[in-house]
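Take a look at the structure below.
All ligand and atom numbering here is 1-based and tracks the order in the structure.
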Amino acid sequence: MNFKGRDIVSIKDLTEEEILHILDIAEGMVPIARGEEKSNLLEGNIMASLFFEPSTRTRLSFEAAMKRLGGNVIGFARPGATSIQKGESLADTIRTAESYCDVIVMRHPQEGSARMAAEFASVPIINGGDGAGHHPTQCLLDLFTIKKEKGDIGKNKVALVGDLKYGRTVHSLAYALAMFKAEMVFVAPEQLQMPSEVVEECKAMGATISFETDLEKAVEDADVLYVTRIQKERFPDPEEYNKVVGIYKVDKKLLENAKKGIIVMHPLPRVYEIAPEIDNTEYASYFRQAFNGVPVRMAILALVLGGIK
Ligand code: NCD
């Protein structure tokens, strides 16, 4: 297995074996991620963090990951403060940034932007989300969380809930769960169901998939509830958003009928989807999930920069 110099644009760029290797390395990173142990594994390396879209967890956990490993970070969180404001192209921004760093983490509203950047850049490109496309590092931390909390990935029935059309986290996760042969149920209103190309590809990989509009039904036999936000910013028509906002809400009452040991995950930010009354229950996995972004991103950075094999 060789990760050095590789781009991480889609979860489909990785094999099952490679994914498990990343998760193993991430497990070893946990004490460093918590600040209990110190490391200078990536000392002298610079990560550029180029965020053309809002972010809290992805950007901060990548920056924390790089710094916990002794590396440095440059970048921007708002394209308005850069020459993009003057009309500079993405290609030119990437060509410039790569001459200042060893790895680029980017988030951009356009689907396919990270793949395009990877063609221009000679340093590794890590996709932190490209429009409604992919979010491979979120997917890896989601898998890490499932494995850690449920003991296994493939043996679960995972309900993906909410905006499956525009949500990039669920696109990446569906591919990965198909790879691991987990059973999936796609819970969404009809107009926000999983894109047919994702469904077809997952089926071709041998996935068992069912569809549901009723969250109460889906909860009965799920092991993992993966809840997502309705992606307001990707709706061409605000009226369409108003029709579906608040459609699913996970609260204590809903979980009364759930299987014992069910966990509730969410990539965050949540808006209306999970009642705060869940936060202090055994179901709530989402804040641990957000923490897991740090060790998983440490593993990814260490591998693509060659600090670890
Ligand atoms: C997600 C994203 O940006 O796709 N957030 C994240 O990275 N944790 C989910 C979302 O914005 O709803």
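The nearest heavy-atom contact from the protein to atom 11 (O) of ligand 1 is R229 NH2, 2.9 Å. Scanning the protein for heavy atoms near atom 3 (O) of ligand 1, the closest one is R168 NH2, 2.9 Å. Considering only non-hydrogen protein atoms, atom 7 (O) of ligand 1 sits nearest to H135 NE2, 2.8 Å. With hydrogens left out, the protein atom closest to atom 9 (C) of ligand 1 is L268 O, 3.6 Å, a heavy atom. In terms of protein heavy-atom proximity, atom 8 (N) of ligand 1 is nearest to P267 O, 2.9 Å.
Listed for the Y248 side chain is a donor-acceptor partner under 3.5 Å among the backbone atoms of T213.
Using a 4.0 angstrom heavy-atom cutoff, T169 counts as in contact with ligand 1.
Judged purely by distance below 3.5 Å, without hydrogens or angles, the side chains of E183 and T208 never pair a donor atom with an acceptor atom. Side-chain contact check for R107 and T58: at least one donor-acceptor pair (N or O, by modelled atom type) lies under 3.5 Å. Residues R59 and S49 bring no donor and acceptor atom of their side chains to less than 3.5 Å of each other. No donor-acceptor contact under 3.5 angstrom links the side chains of H266 and R229, judged on distance only.
Evaluation of the salt bridge (Lys or Arg N to Asp or Glu O under 4.0 Å) test over residues 201-220, restricted to residues two or more places apart or in two chains, returns K12-E201.
Not one N or O of R57 is nearer than 3.5 Å to an N or O of ligand 1, by distance alone.
The T58 neighbourhood of ligand 1 comprises atoms 6 (C), 7 (O), with distances under 4.0 Å to a heavy atom of that residue.
Contacts of R107 with ligand 1, taken as heavy-atom pairs under 4.0 Å, involve the side chain alone.
Residues R234 and R168 have side chains in contact (heavy-atom distance under 4.5 Å, counting atoms from C-beta outward).
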